[in-house]
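The structure appears right after this line, and notes come after that.
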Amino acid sequence: MTETIPVQRSVTDRQKANAAALWQMWQQTPEPRIRERLIHHYTYLAKHVVDRLGLRPTGWLGYDDLVSHAVMGLIDAIEKFDPARGVRFETYAVTRIRGAVLDMLRALDWVPREMRRRENELKSAIHNLEAQLGRPAEDQEIADHLGWTLEEYQVTLAAVSQSNVLSLDAYLSDCGDEDLDPLECLGYHSEDPVRHAERSERRRVLVDGIEALGMQERTVVALYYFEDMTLKEIGAVLNVSESRVCQIHTKAIWRLQSRFERQRDALRVA
């Protein structure tokens, strides 16, 4: 997977030069005032992540609340960023920011219990059915497997997709040890040959999994993770609603998760 870098459309050469100067000062003398200036410069990343997640603010969790948690992730990224790893800060920060928002949502357990049950039912059906078929299952096949009508399946998928927050890199951050950086899983070369081999295998499974997705799902994954487009922008490209893109993205992530889980099961048996 290639490096995904969100775009700040109004960045000027002067702003880039200022950011470079700030990083140099921060590395030499990490003072609070310099950190504040870095936070101010990169606040757009926090808003960018919240917008791309497509979260629907509720009465108790507004947009500003989401951005505040995203800024906490930005601060963490600034403090832990190591330029020596050869990764651009924007790429590193987006992962940390998204992780901070998702961790907050998990801690709040904001998804209703009934919706969580439906989600697990759908994921299990896709996992089991595609393990049997050896290929991506069609919507009608999944509905038949569950004993639902196609309409019941589509309505349930739409409801689950709209109440859930899924992210490929967030899942990959859980695919190994607790301190695994998804950037490493997607191509960063560790000096440890064993860890490097493990991550190379995960990357292979990921690439194979994306190639095995249906055309529409591959397109959504490519535009969302490689081109850094929002769900709304992808909907305009595909000429479908943002809600439909959300459903396609959800199924794609479930299928990729299922592929990783089958690999994990196979390794346990071996």
**Message:** Checking K251 against D139 for the side chain to side chain contact (heavy atoms under 4.5 Å, CB included) test, could you report, in this order, the C-alpha distance in whole Å, the side-chain angles of both residues, the deciding distance, and whether it holds?
**Reply:** CA-CA 10 Å; K251 284 200 302 179; D139 286 352; 2.5 Å; yes
**Prompt:** Would D76 and K80 count as a salt bridge (charged side-chain N to carboxylate O under 4.0 Å, His left out) if you check the C-alpha gap in whole Å, the side-chain angles of each, and the deciding distance to 0.1 Å?
**Reply:** CA-CA 6 Å; D76 182 62; K80 294 181 178 178; 3.1 Å; yes
**Prompt:** Do the side chain of Q28 and the main chain of M25 share a donor and acceptor less than 3.5 angstrom apart?
**Reply:** no
**Asked** Do W23 and I78 pass the side chain to side chain contact (heavy atoms under 4.5 Å, CB included) test, and can you show the C-alpha distance, the side-chain angles, and the key distance before you say yes or no?
**Response** CA-CA 9 Å; W23 278 115; I78 290 172; 4.3 Å; yes
**Message:** I want to check something: taking the side chain as every heavy atom from C-beta on, are W148 and Q154 in contact at a cut-off of under 4.5 Å?
**Reply:** no
**Request:** Output yes when R37 and E31 qualify as a salt bridge under the 4.0 Å nitrogen-oxygen rule, no when they do not.
**Result:** no
**Request:** Any chance you could measure L146, atom CG, to E141, atom CD, to the nearest 0.5 Å?
**Result:** 12.0 Å
**Prompt:** Is the F81 ring parallel, tilted or perpendicular to the F89 ring (thresholds 30°, 60°)?
**Reply:** perpendicular
**Fill in**
Note: I97 and G73 closest approach over all heavy atoms is CG1-C, 3.8 Å
**Item:** Between OG1 on residue T230 and CD1 on residue I234, distance to nearest 0.5 Å
**Value:** 7.0 Å
**Message:** Main chain of M215, side chain of T219: is a donor-acceptor contact present, judged purely on distance under 3.5 Å?
**Reply:** yes
**Message:** Distance alone, cut at 3.5 Å: any donor-acceptor contact between the side chains of R96 and Y92?
**Reply:** yes
**Prompt:** What's the shortest heavy-atom distance between V237 and L223, and which atoms?
**Reply:** CG1-CD1, 4.1 Å
**Request:** Determine whether V155 and V240 fall in the same hydrophobic cluster, where Ile, Leu, Val, Met, Phe, Trp and Tyr are linked whenever their side-chain heavy atoms lie under 4.5 Å apart.
**Result:** no
**Request:** Write down the atom of Y42, the atom of E90, and the distance for their closest heavy-atom approach.
**Result:** CE2-OE2, 3.9 Å
**Message:** Give me the atom names and distance for the closest heavy-atom approach of A46 to V67.
**Reply:** CB-O, 4.4 Å
**Message:** Tell me whether N239 at atom CG has more than 12 heavy atoms from other residues, nucleotides or ligands lying less than 6.0 Å away.
**Reply:** no
**Request:** Quick one: pull up OG in S68 and CE in M104 and give me the separation to the nearest 0.5 Å.
**Result:** 9.0 Å
**Request:** Would you sort out whether R255 and E130 count as a salt bridge (charged side-chain N to carboxylate O under 4.0 Å, His left out), showing the intermediate values?
**Result:** CA-CA 8 Å; R255 282 174 168 150; E130 295 189 352; 2.5 Å; yes
**Item:** Stepwise salt bridge (charged side-chain N to carboxylate O under 4.0 Å, His left out) check, D51 with K232
**Value:** CA-CA 10 Å; D51 291 340; K232 185 176 182 179; over 6 Å; no
**Request:** Walk me through it: do W254 and E119 pass the test side chain to side chain contact (heavy atoms under 4.5 Å, CB included)?
**Result:** CA-CA 10 Å; W254 283 350; E119 175 193 347; 3.6 Å; yes
**Prompt:** How long is the span from the NZ atom in K123 to the CD1 atom in I253, to the nearest 0.5 Å?
**Reply:** 11.0 Å
**Prompt:** Do you see a donor-acceptor pair shorter than 3.5 Å between the side chains of Y153 and D144?
**Reply:** no
**Item:** Test side-chain contact (heavy atoms from CB on, under 4.5 Å) applied to V220 and T250, L213, L238, the passing residue
**Value:** L238
**Prompt:** Would the number of heavy atoms belonging to other residues, nucleotides or ligands and lying under 6.0 Å from CE of M229 be above 12?
**Reply:** yes
**Item:** Atom CZ of R35: over 12 foreign heavy atoms under 6.0 Å
**Value:** yes
**Test side chain to side chain contact (heavy atoms under 4.5 Å, CB included) applied to Q216 and R244, step by step** = CA-CA 11 Å; Q216 221 176 23; R244 179 57 184 156; 4.1 Å; yes
**Prompt:** Between S124 and N120, does any side-chain donor sit less than 3.5 Å from a side-chain acceptor?
**Reply:** no
**Request:** Kindly give the heavy-atom pair with the smallest separation between L256 and I210, and that separation in Å.
**Result:** CD2-N, 3.6 Å
